[in-house]
Peer 1: 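This is the structure I want to talk about, given as structure tokens.
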Amino acid sequence: MINDLWYKNAVIYCLSVATYMDADGDGIGDFEGLMRRLDYLQGLGVTAIWLMPIQRSPWRDDGYDVADYYSVDPRLGTLGDFVEFTQGCRTRGMRVLIDLVVNHTSDQHPWFQEARRDPQSKYRDWYIWSKKKPADAASGIVFPGVQKSTWDWDPEARQYYFHRFYKFQPDLNTSNPEVQAEILKIMGFWLELGVSGFRMDAVPFVISKKGPDIKRPVEQYDMLRNFSQFLSWRKGTAIILAEANVLPGNDMQYFGAAGERLQMMFNFEVNQHLFYAMAAADARPLMRAMEETKQRPATAQWGQFLRNHDELDLGRLKLAQRQAVFDAFGPTAEMQLYRRGIRRRLAPMLEGDRRRLELAYSLMMTLPGTPVIRYGDEIGMGDNLDLPERNCARTPMQWSTEPNAGFTSSNKPLLPVIDEGAYSFEYVNVAAQRRDSNSLLNWMERIVRMRKEVPEIGWGDFSFVSVGTPEVLAMRYDWRSNAVLFLHNLSSAPREVRFRIGSNGDEPTVLVNLLSEDHSRPEKGKRHRILMEPYGYRWFRVGGLNDILKRTTVGTPDRP
């Protein structure tokens, strides 16, 4: 069992080393450049950095096609540079998570190359083969419209091989005990170099049995327990943050009844219904999603996010709900992807409206779980829809008005920086926003700091407060005899809400605003009345009237 629940009240920041900061001028970000930005991340309030794939790769899929699990891609630096980076994070009180991509490898990986050459090689059984192309090869495709099959012919092996993703990413046979042992070895290697855990890619596919005769997924959940036990033995504070887009009824299978499997999972159910709630100005579907994913072991935690490096997946929504989100945030075909999602960044989805951006981030910060921020969203970066598939939202970080946004001195960055329109680096960059006290960046620093000072969100139990209108979401958290309340108006119109905090007979309560001096005292009948501006939000600490009036300042509860 993990002996340190640091992740329960963390703030995670996801970045790609290759597009963050280039120090050597070759147009590709590197660890030396990232080291120069650690003070920036510390100042933002980040407590854990999640790195997208860093291992050696042909980079046909942004590093998710791994060719060597025991190296750093030379374009990013060396293993020595990586260790210096983890040490730099440690001295600043930040932890490091790295992507663990073990559902598949690159077709250039030595394991696959030997497997296809030699039928007698042990690596032959590390992958999935079939003499005939299965009849269901066109089903289960992850990238509709781009990917045509899950089985492709290999002329050297003279067999078909299985790939859940692109055809240059053959799936590993994770049911093979030797493959499972290798996965543990990979984790142990990076733990020794200073990481605090892994964001595990495509977990449902990792643990599923695979083969030409498998018609329905059969998950091997004990594999997750083995992973977790290994982490506990090697490093008691290490975790797995799982990418597992599963139905709410399956959540506990991944966490384990006693938390013996995964420590964290991304909450895709809440994420998708959050965007529908914002599109429809109706909190009720979001509330249902939160209730459906409320159950989890005491040691488990949700990762809450708005956007990530993939498309905004809307596959869990009903057709009418999905269309409503498309209409609101991605109305044209070029904004959509894989027939199920939106490929834009958050700021252009919300039309650059500062009110809506603040509302969205306030929601994410106050949802039950740990917030995960995507690099560049703290300054409201845009996207480049001229780039293919998901690359439109993976452009280089915009640091300043210098050439190529201060990302690189090269004239040929890995991906073109955004240099036209309202989201051009001339208008949206870190340097300008640091000097503007009212910028989105400085607002984000303040909201992150406040989120870390409200541990009830990460540790407590939530409940909903009835406020008389579906357009306003009211959530209360209780933990260690302390309580906080959050209000969010999803509507473009002002809404007045009236509500009671305590039950009958309770002492009248004052709501102390954590973000301003706009506190609320109950009226007659112990009800509060608050006017919420369009897209408005409130963070309150709940306290007894006499107790609050005696204080000159309002403290936060002790941390666990």
Side-chain angles (χ1 to χ4, degrees), residues 8-9 267 270 273-274 277 282-296 298 301-302 304 359-371 447 450-491 495-516 518-523 525-532 535-548 551 554-560:
K8 297 279 280 187
N9 202 47
N267 197 327
V270 165
H273 286 88
L274 168 61
D282 186 349
R284 290 171 295 185
L286 174 59
M287 294 166 65
R288 285 193 290 270
M290 292 169 64
E291 288 284 7
E292 289 175 349
T293 57
K294 185 174 185 178
Q295 183 184 11
R296 62 185 189 273
Q301 184 68 305
W302 287 114
Q304 302 287 5
L359 173 71
Y361 274 106
S362 177
L363 274 166
M364 183 190 72
M365 293 287 178
T366 56
L367 290 172
T370 295
I447 209 74
M450 185 53 65
R451 168 62 182 81
K452 290 157 65 176
E453 294 179 5
V454 187
E456 289 92 343
I457 302 172
W459 289 91
D461 293 323
F462 74 88
S463 58
F464 298 116
V465 177
S466 177
V467 293
T469 172
E471 295 164 312
V472 177
L473 174 66
M475 293 183 292
R476 172 175 173 154
Y477 290 87
D478 290 272
W479 181 66
R480 289 191 174 181
S481 302
N482 295 283
V484 287
L485 175 74
F486 304 99
L487 304 176
H488 292 90
N489 180 15
L490 305 177
S491 172
R495 288 289 180 267
E496 184 183 72
V497 293
R498 300 189 182 195
F499 56 92
R500 186 191 303 271
I501 289 296
S503 58
N504 291 332
D506 286 352
E507 179 187 9
T509 54
V510 168
L511 299 178
V512 180
N513 197 315
L514 297 176
L515 303 177
S516 73
D518 183 22
H519 311 308
S520 177
R521 288 173 171 78
E523 298 179 334
K526 303 179 184 178
R527 288 186 176 272
H528 290 265
R529 184 176 69 170
I530 297 175
L531 179 63
M532 301 289 293
Y535 305 120
Y537 54 92
R538 300 286 191 278
W539 291 30
F540 290 118
R541 182 164 295 286
V542 179
L545 180 60
N546 293 332
D547 181 49
I548 292 294
R551 303 183 192 176
V554 180
T556 56
D558 293 335
R559 286 167 173 73

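Keep in mind it's a predicted model, so treat the numbers as computed, not measured.
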Peer 1: R284: which residues meet the side-chain hydrogen bond (donor to acceptor under 3.5 Å, both in side chains) condition with it, sequence neighbours left out?
Peer 2: D282

Peer 1: Can you tell me which residue among L531, V472, V465 is in a side-chain contact (heavy atoms from CB on, under 4.5 Å) with V497?
Peer 2: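 With V497 as partner, L531, V472, V465 yield a single side-chain contact (heavy atoms from CB on, under 4.5 Å), made by V472.
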
Peer 1: Can you pull the salt bridge (Lys or Arg N to Asp or Glu O under 4.0 Å) pairs that have at least one residue in residues 458-470, sequence neighbours excluded?
Peer 2: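 Of all non-adjacent pairs touching residues 458-470, none passes salt bridge (Lys or Arg N to Asp or Glu O under 4.0 Å).
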
Peer 1: Run the salt bridge (Lys or Arg N to Asp or Glu O under 4.0 Å) test against R527 and tell me which residues pass, sequence neighbours left out.
Peer 2: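 Scan of R527 (salt bridge (Lys or Arg N to Asp or Glu O under 4.0 Å), adjacent residues dropped) gives none.
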
Peer 1: Sub-3.5 Å donor-acceptor pair from the side chain of E456 to the main-chain atoms of N482, do we have one?
Peer 2: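 The answer is no, because no donor-acceptor pair under 3.5 Å joins these two groups.
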
Peer 1: The criterion is side-chain hydrogen bond (donor to acceptor under 3.5 Å, both in side chains); which residues satisfy it with W539, sequence neighbours excluded?
Peer 2: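 W539 satisfies side-chain hydrogen bond (donor to acceptor under 3.5 Å, both in side chains) with S362 once adjacent residues are dropped.
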
Peer 1: side-chain hydrogen bond (donor to acceptor under 3.5 Å, both in side chains) with E523: which residues, sequence neighbours excluded?
Peer 2: R529

Peer 1: Would you please name every residue forming a salt bridge (Lys or Arg N to Asp or Glu O under 4.0 Å) with D478, sequence neighbours left out?
Peer 2: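 R476.
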
Peer 1: Would you please name every residue forming a side-chain hydrogen bond (donor to acceptor under 3.5 Å, both in side chains) with H273, sequence neighbours left out?
Peer 2: none

Peer 1: Quick one: list whatever passes salt bridge (Lys or Arg N to Asp or Glu O under 4.0 Å) with R538, sequence neighbours left out.
Peer 2: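 Listed in chain order: D518, E533.
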
Peer 1: Tell me if a side-chain donor or acceptor on H519 pairs with a main-chain N or O of N513 at a distance below 3.5 Å.
Peer 2: yes

Peer 1: Using side-chain contact (heavy atoms from CB on, under 4.5 Å), reason through M290 and F464 one step at a time and then give a plain yes or no.
Peer 2: CA-CA 10 Å; M290 292 169 64; F464 298 116; 3.8 Å; yes

Peer 1: Test your reading of the model: is there a side-chain donor-acceptor pair from W302 to the backbone of T293, 3.5 Å cut-off?
Peer 2: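 Such a contact is found between W302 side chain and T293 backbone.
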
Peer 1: Quick one: side-chain contact (heavy atoms from CB on, under 4.5 Å) partners of E292, sequence neighbours excluded?
Peer 2: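 By the side-chain contact (heavy atoms from CB on, under 4.5 Å) rule, E292 matches P248, E269.
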
Peer 1: Got a donor-acceptor contact below 3.5 angstrom from the K294 side chain to the P368 backbone?
Peer 2: no

Peer 1: Hey, does the side chain of K8 reach the backbone of A298 with a donor-acceptor pair shorter than 3.5 angstrom?
Peer 2: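 Yes; judged by distance alone, with no hydrogens or angles, the pair exists.
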
Peer 1: To check you understand the geometry: which heavy-atom pair defines the closest contact between N9 and K452, and what is its length?
Peer 2: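 Result for this residue pair: ND2-O, 3.3 Å.
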
Peer 1: Determine the interplanar angle of the Y477 and F486 rings, folded into 0 to 90°, and report it as parallel if under 30°, tilted if 30 to 60°, perpendicular if over 60°.
Peer 2: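 Because their plane-to-plane angle is over 60°, the rings of Y477 and F486 count as perpendicular.
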
Peer 1: Is any side-chain heavy atom of L515 less than 4.5 Å from a side-chain heavy atom of I447?
Peer 2: yes

